[in-house]
Amino acid sequence: KGEYSFQMTMNEDVWILTPSLSYDYIFLTRKWGRLSLGAAAGAMILSTSQQIAFKAVRTDLTQVEAPIDYLKQRVLQGTANSTNVTDIGPIFRLHLTFRPPPITKFWNTQMEVRIGGNYGFVYLNRDVDGTGQAIMGNTLQGTFPLTSLGFKSQETNKFEMMGGFIQVGIVF
């Protein structure tokens, strides 16, 4: 019999840049403004870094006699880091745009409101590195690479981004 505990902490930084070209089709123009439907296509450029720390502890609940009582608690812990830099995939958007008439002639600017949705994906090519430790009692028994626990040194994951958006801005 034993008591188990497991802790894992993960921190991830994600940077996304999505340059795109769009086209709007104006289908309604009135004195209160104009409405248009639009589409956009572009690239999603993604960079990530991830840090994971884990610790698994097993403590025996049965009575353990000396000299092996130091084995009563066993710990497996480690850290893993993964990064990918500037992986690129496509992104597509559809939107409905409302543009009221200009209030002033200041630099020929107008307000614009867009509501829409988007979908994009990127295949992330991650480089993974890390180490683990086995501790019996208070004694370090050994260290090992995370590949011995089944972690791959390189991974390819598909990152998908699907969602809706509301944009409000000024058009020059």
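Here the structure is a predicted model, which is why all the values come from computation and not from measurement.
- Residues A41 and F92 approach most closely at CB-CD2, 4.0 Å, considering heavy atoms.
- Between the CD1 atom of I45 and the OG1 atom of T86 there is a distance of 8.0 Å, given to the nearest 0.5 Å.
- Residue Y23 is grouped with residue L35 when hydrophobic side chains (ILVMFWY) are merged at heavy-atom distances under 4.5 angstrom, including chains of intermediate members.
- The nearest pair of heavy atoms linking P102 to Q110 is CD-NE2, 3.4 Å.
- Summarising the local packing, OH of Y119 is surrounded by more than 12 heavy atoms from other residues, nucleotides or ligands at distances under 6.0 Å.
- At distances below 3.5 Å, not a single donor-acceptor pair connects side-chain atoms of Q50 with backbone N or O atoms of D13.
- Side-chain contact between K55 and V75 is present, with at least one heavy-atom pair separated by less than 4.5 Å.
- Annotation: D129, atom CG; neighbour count of heavy atoms from other residues, nucleotides and ligands within 6.0 Å does not exceed 12.
- From I52, atom CD1 reaches atom OG of S82 across 6.5 Å, with rounding to the nearest 0.5 Å.
- Between the side chains of T48 and N84, at least one donor N or O sits under 3.5 Å from an acceptor N or O.
- Counting heavy-atom neighbours within 6.0 Å of L28 CG, excluding the residue itself, gives a total above 12.
- Residues Q51 and T79 form no side-chain contact, since every pair of their non-hydrogen atoms from C-beta on lies 4.5 Å or further apart.
- In this structure, the side chains of R99 and I26 stay at 4.5 Å or more apart for every pair of heavy atoms.
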- Message: If you apply the rule side-chain contact (heavy atoms from CB on, under 4.5 Å), what do you find for M161 with I91, and how did you get there?
- Response: CA-CA 9 Å; M161 185 172 73; I91 189 165; 3.5 Å; yes
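- Atom OG1 of T97 sits about 4.5 Å away from atom CG of D24, to the nearest 0.5 Å.
- Under a cut-off of 6.0 angstrom, the local environment of CD in Q7 is sparse, with at most 12 non-hydrogen atoms contributed by other residues, nucleotides or ligands.
- With respect to the salt-bridge test (charged N to carboxylate O, under 4.0 angstrom), the residues E3 and R74 do not qualify.
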Self-check item: Verdict with supporting geometry, Q154 and V128, side-chain contact (heavy atoms from CB on, under 4.5 Å)
Solution: CA-CA 6 Å; Q154 291 190 336; V128 181; over 6 Å; no
Could you please spell out the steps behind the side-chain contact (heavy atoms from CB on, under 4.5 Å) verdict for Y123 and N157? CA-CA 6 Å; Y123 286 99; N157 306 103; over 6 Å; no
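- Looking at every heavy atom in both residues, T83 comes nearest to S49 through CG2-CB, 4.0 Å.
- Side chains of R93 and S20 form a contact here, defined as non-hydrogen atoms less than 4.5 Å apart.
- Annotation for Y25: atom OH does not count as buried by contact number, only 12 or fewer foreign heavy atoms lying within 6.0 Å.
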Working for side-chain contact (heavy atoms from CB on, under 4.5 Å), residues T131 and T143
CA-CA 7 Å; T131 59; T143 62; 5.7 Å; no
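- Using a 4.5 Å cut-off on side-chain heavy atoms (C-beta onward), L96 and R114 make no contact.
- Under the 3.5 Å distance criterion, with hydrogens and angles disregarded, no donor-acceptor pair is assigned to the side chains of N118 and H95.
- Using a cut-off of 4.0 Å between Lys/Arg side-chain N and Asp/Glu carboxylate O, R126 and D87 are scored as not salt-bridged.
- By the 4.5 Å heavy-atom criterion applied to side chains, L46 and L124 are counted as neighbours.
- Distance check: I115 CD1 to L94 CG gives 13.5 Å after rounding to the nearest 0.5 Å.
- For the pair F54 and F6, the minimum side-chain heavy-atom distance is below 4.5 Å.
- With a 4.5 Å cut-off on side-chain heavy atoms, P90 and F121 count as touching.
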